[in-house]
Protein chains: 2
Amino acid sequence: MTPGTSATSGAPAPATGSRRMPEKRQAIARAASTVFGREGYTRASVDAIAAEAGVSKRTIYNHFGDKEKLFLSVALETAGELTEIIAGLADRHLHKIVDLEADLNTFALDRARAVLGAGDHYALGRTIRAEAGNIPTEVLNAWLDAGPLASQRDLAAHFGRLADQGLLHVEDTELAATQFTLLTFSGAADATFYGAIHLPEAELTAGVTAGIRAFLRLYG
Amino acid sequence: MTPGTSATSGAPAPATGSRRMPEKRQAIARAASTVFGREGYTRASVDAIAAEAGVSKRTIYNHFGDKEKLFLSVALETAGELTEIIAGLADRHLHKIVDLEADLNTFALDRARAVLGAGDHYALGRTIRAEAGNIPTEVLNAWLDAGPLASQRDLAAHFGRLADQGLLHVEDTELAATQFTLLTFSGAADATFYGAIHLPEAELTAGVTAGIRAFLRLYG
DNA sequence: GTCTATAGAACGATAGAC
DNA sequence: GTCTATCGTTCTATAGAC
């Protein structure tokens with residue numbers, strides 16, 4: 001094997017043995033994200049990840065060193081994915097306001113569905129939360145900063161703009177964003193264990209609606 | 001715990017081989033709670049639990065069947081422990097109000113410290129949350145009902161009483177209790193991954209204070 | 001004498017690492 | 001593909017309780 005010293009060819013090289021195979025690495029990362037998210041860290045076996053990625057175990061060890069490094073790498077690399085999705089939702093629903101309460105409601109609902117819904121957008125995030133006590137502080141902070149905190153800063157910026165337009169009465173935009181998330185998201189996150197179990201749609205909409213009403217009593 | 005069939009006598013019965021040994025079972029349950037809470041489900045070995053309990057592995061299997069049953073039993077049996085602690089705090093701080101904002105503040109702070117603080121009051125709860133996807137719905141619901149939901153109902157009752165006294169303006173006491181928890185607790189729970197990492201005292205008090213102020217703007 | 005609980009060794013499977 | 005460690009589980013023998 002010894003992949004580093006195999007044929008040098010600069011050609012596209014679809015076959016195995018090329019000098020660098022970023023697509024293999026990416027396949028491993030994707031597979032690891034899937035399996036870690038589905039099984040959790042300890043239950044996920046390197047065998048299962050290799051099978052999911054369609055590579056041999058040895059390839060994983062060559063690329064990532066060991067299981068822990070693989071997990072931490074994937075945790076860091078995927079930290080920003082959901083942030084961008086949520087930023088897109090905020091831009092779509094909060095950029096041009098037509099009905100403040102309705103627009104906030106739709107944004108909050110879409111965000112909750114994106115994070116907690118059936119898809120595995122956040123499956124790895126669940127595992128990261130579960131393993132928080134075993135993750136080095138720097139990696140944890142990097143994940144927080146590229147993930148949840150980034151979404152919060154983005155939301156605070158939106159609220160600042162809405163305040164400038166006179167649609168909201170906000171002094172501390174960061175605090176308003178935090179409390180918006182608490183009132184419209186954290187309840188559902190807690191009730192579903194961050195998406196691990198299903199929440200009936202009616203309960204989700206009821207919780208979000210009540211949260212939006214409280215938020216507008218505070219800042220409307 | 002084990003309400004109906006507790007030990008009949010006051011006799012010490014130190015020797016081995018007695019017909020029923022509930023104190024061994026309790027030692028196992030305590031040890032399992034500790035080790036599961038500290039290590040998580042998959043990392044916790046039956047060996048480690050046996051060592052912590054001062055008991056042989058075989059004894060664990062005789063009492064609980066297998067590792068999964070042991071975990072689920074302990075999860076159910078310890079569900080109400082923290083609930084009673086929090087109920088005591090609520091009774092202490094919310095029964096006789098002298099300064100509404102200060103009393104709510106103290107209660108919220110004490111509760112957050114009790115749940116998220118260094119002690120392992122909630123360590124097993126963290127593991128239960130992490131394993132939610134692998135826990136049978138009925139067990140999960142029983143844990144929720146004896147734990148977080150029970151605390152919430154208790155808090156709602158307090159708020160109902162305070163509303164009757166004219167100290168709060170609350171229509172839906174359950175909703176008020178939910179939003180109180182969201183505004184004064186969930187932020188810290190989220191930031192610490194339910195107590196897995198430490199939160200500086202200053203940040204905790206700042207978050208709680210801001211949450212109480214918002215709550216009183218909503219219901220004061 | 002029989003029953004039950006205990007301790008500690010032993011087994012089979014699995015997973016991480018090379 | 002192989003090695004090695006570990007884990008969940010089971011088996012065997014011992015000893016007190018009825």
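Just so we're clear, the structure is a prediction, and the values are computed from it rather than from any experiment. Below, chain A is the first sequence line, B the second, and so on; all start at residue 1.
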Between C:dA17 and A:Y61, is there an OP1 or OP2 to side-chain N/O distance shorter than 4.0 Å? yes

Round to the nearest Å and state the distance from [X] atom [atom1] to [N] atom [atom2].
X: A:K67; N: C:dT14; atom1: NZ; atom2: C1'; value: 12 Å
X: B:E23; N: C:dA5; atom1: CD; atom2: C1'; value: 12 Å
X: B:N62; N: D:dT12; atom1: CG; atom2: P; value: 15 Å
X: B:F64; N: D:dG8; atom1: CZ; atom2: P; value: 16 Å
X: B:H63; N: D:dT9; atom1: NE2; atom2: P; value: 17 Å
X: A:I49; N: C:dA15; atom1: CD1; atom2: P; value: 11 Å

Just checking, any donor-acceptor pair under 3.5 angstrom between side chains of [X] and [Y]?
X: A:R129; Y: A:Y122; answer: yes
X: B:T181; Y: B:R111; answer: yes
X: A:E131; Y: A:N134; answer: yes

Contact residues, residues 29-47 of chain A to DNA chain D [heavy atom, < 4.0 Å]: none

Looking at residues 52-60 of chain B, who's got a heavy atom less than 4.0 Å off DNA chain D? B:K57, B:R58

On a heavy-atom basis, the closest approach of B:A87 and B:D154 is CA-OD2, 3.7 Å

Scanning both residues in full, the closest heavy-atom pair of A:A142 with A:L76 reads CB-CD2, 3.4 Å

Determine, stepwise, if the pair B:T34 / B:E52 fulfils side-chain hydrogen bond (donor to acceptor under 3.5 Å, both in side chains). CA-CA 8 Å; B:T34 300; B:E52 176 89 19; 4.6 Å; no

Does this structure show an ion pair linking [X] with [Y], if we count only N-O contacts that are shorter than 4.0 Å?
X: B:D47; Y: B:K57; answer: yes
X: A:R92; Y: A:D103; answer: no
X: A:R25; Y: A:E77; answer: yes

In terms of the angle between their ring planes, are A:F193 and B:W143 parallel, tilted or perpendicular, with boundaries placed at 30° and 60°? tilted

Nucleotide-level pairing of DNA chain D, given in dot-bracket where Watson-Crick and G-U pairs need both distances under 3.5 Å and | marks other strands: ||||||||||||||||||

Compare all side-chain heavy atoms of B:R43 with those of A:Y41 and state whether any distance is below 4.5 angstrom. yes

